[in-house]
Amino acid sequence: MTTLILPGVGGSEPAHWQTWLETQLSDAKRVEQADWNSPVLHTWRQSLDRELLLHATEPVWIVAHSFGCLVTMSALSSRVLASKVAGVLLVAPASPERFSLEGFARNKDQVTDPHGPQAPALLSRILPRAPLGVPIRLIASRTDPWMTFEAAEWWATRWGAKLIDLGDAGHINVAAGFGAWPQVIKELNTLKYGSQAVKQFATRHLDGSVIAKDNSLTDRLTKDEPSSTASAEDERQQTAPIDTTITATPVEQSASNQAAFGQDPHSIDTLKLLNKQVV
């Protein structure tokens, strides 16, 4: 198994909890970016897409922070890529209204009036807005300067994510005091072994063939699953895929799942452009 670590703007410095997490997991691999200070979605997506395409036959876990969370959710809009992800842990997502397709939103007016006549293509207009068949846990802070807790609740609901309220925790970064952070391992293990993640991954199709099950993982999952039938059923409903059948086409935005992205044709076209290299 592989755990992909996806930092936000600036990359996660040596004292950051993501860097610490890499030292704690034998399977961890950081998704590197050419320019950590230039948050351009399509270039960051290329780095993540490449990593996912290299791990097509095993469950891949993603631990993302800040802008990395937005990159992750954009990648999941491709069912080819989503089929290779067993589960996602999003920590302190940055607000998608703070970014356009070119990087940071250029001024306050563009952020406060994202739907105005001169509004740029803000990421809030193109990210998926419905569950995509991948279990997600979202850890949010009530004092995060990059996204309000209310906004985190809104996106968690749209994505079918389990929301974890961390209280007064800032942006959950070094500045907020998050270096060594054992709780993130606990949350990752809950995602891995307290959900249907591996079982769901084992039944997805890729290029017309069923991915083989990892029996050791499914056995551990069965042993460690919560005894509450209601809780398991709730998670299955939350993470139910819109459509998990992989077709031969590189872009999978059919009329049946456009509701996941809203009805804005521009949003659909932008996602097609971002996903055009996925095969």
Checking V40 now: which residues fulfil side-chain contact (heavy atoms from CB on, under 4.5 Å) with it, not counting sequence neighbours?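 Per chain and number, V40 pairs via side-chain contact (heavy atoms from CB on, under 4.5 Å) with S38, H42, T43.
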Report the residues that fulfil side-chain contact (heavy atoms from CB on, under 4.5 Å) with A169, sequence neighbours left out, ordered by chain and then residue number.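 A169: side-chain contact (heavy atoms from CB on, under 4.5 Å) contacts with S141, L166, I172, F178.
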Which heavy-atom pair separates [X] from [Y] by the least distance, and what is that distance?
X: V63; Y: L188; answer: CG2-CD1, 4.0 Å
X: D144; Y: P93; answer: OD2-O, 4.3 Å
X: P59; Y: A86; answer: CB-CB, 3.4 Å
X: L138; Y: A161; answer: CB-CB, 4.2 Å
X: C69; Y: A64; answer: SG-O, 3.4 Å
X: L52; Y: V60; answer: CD2-CG1, 4.1 Å

Are V71 and F104 co-members of a hydrophobic cluster defined by side-chain heavy atoms under 4.5 Å apart?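 Linked within one cluster.
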Taking a hydrophobic cluster as the set of Ile, Leu, Val, Met, Phe, Trp and Tyr residues connected by side-chain heavy atoms closer than 4.5 Å, whether directly or through intermediates, do V9 and V174 fall within one such cluster?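 No; tracing contacts between hydrophobic side chains, which count when under 4.5 Å, never links both residues.
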Which value, rounded to the nearest 0.5 Å, describes the distance between [X] atom [atom1] and [Y] atom [atom2]?
X: L4; Y: L54; atom1: CG; atom2: CG; answer: 9.5 Å
X: R125; Y: E97; atom1: CZ; atom2: CD; answer: 10.5 Å
X: L6; Y: E32; atom1: CG; atom2: CD; answer: 10.5 Å
X: T190; Y: Q183; atom1: OG1; atom2: CD; answer: 9.5 Å
X: I139; Y: K162; atom1: CD1; atom2: NZ; answer: 12.0 Å
X: K186; Y: N189; atom1: NZ; atom2: CG; answer: 10.5 Å

Please list all pairs meeting salt bridge (charged side-chain N to carboxylate O under 4.0 Å, His left out) that have one or both residues in residues 6-20, counting only residues at least two apart or in different chains.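 Sorted pair list comes back empty.
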Do any pairs count as a salt bridge (charged side-chain N to carboxylate O under 4.0 Å, His left out) and have a residue in residues 167-184, sequence neighbours left out, and if so which ones?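 Sorted pair list comes back empty.
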Distance-only, no hydrogens or angles: does the [X] side chain make a donor-acceptor pair with backbone N or O of [Y] under 3.5 Å?
X: W181; Y: Q18; value: no
X: R98; Y: L122; value: no
X: T3; Y: D27; value: no
X: S78; Y: A75; value: no

List the residues meeting ring pair (Phe, Tyr, Trp, His ring centres under 6.0 Å) with [X], not counting sequence neighbours, and say none if there are none.
X: H16; value: H65
X: W20; value: none
X: W36; value: W44

Checking L70 against F99 for the side-chain contact (heavy atoms from CB on, under 4.5 Å) test, could you report, in this order, the C-alpha distance in whole Å, the side-chain angles of both residues, the deciding distance, and whether it holds? CA-CA 10 Å; L70 309 185; F99 301 89; 3.9 Å; yes
Apply the test side-chain contact (heavy atoms from CB on, under 4.5 Å) to residues L81 and V85: give CA-CA distance (whole Å), side-chain angles for both, the deciding distance (0.1 Å), then the verdict. CA-CA 7 Å; L81 297 181; V85 178; 5.8 Å; no
With sequence neighbours excluded, what pairs up with [X] under the side chain to side chain donor-acceptor pair (under 3.5 Å) test?
X: D165; result: R142
X: T72; result: none
X: N37; result: none
X: T19; result: R30

Quick check: do [X] and [Y] have side-chain heavy atoms less than 4.5 Å from each other?
X: E187; Y: P182; answer: no
X: R158; Y: L127; answer: no
X: I62; Y: L89; answer: no

Does R137 form a side-chain contact (heavy atoms from CB on, under 4.5 Å) with L90? I'd like the steps, not just the answer. CA-CA 6 Å; R137 294 177 75 82; L90 304 176; over 6 Å; no
Step-by-step side-chain contact (heavy atoms from CB on, under 4.5 Å) determination, I126 to S74: CA-CA 8 Å; I126 68 169; S74 172; 5.6 Å; no
Just list the side-chain donor-acceptor pairs under 3.5 Å for residues 146-157, sequence neighbours left out, or say none.
| unit_1 | atom_1 | unit_2 | atom_2 | d |
| --- | --- | --- | --- | --- |
| T148 | OG1 | A151 | N | 3.0 |
| T157 | OG1 | E153 | O | 2.9 |

Judged by modelled atom types alone, do S100 and E102 share a side-chain donor-acceptor pair under 3.5 Å?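 Indeed, the side chains of S100 and E102 share at least one donor-acceptor pair under 3.5 Å.
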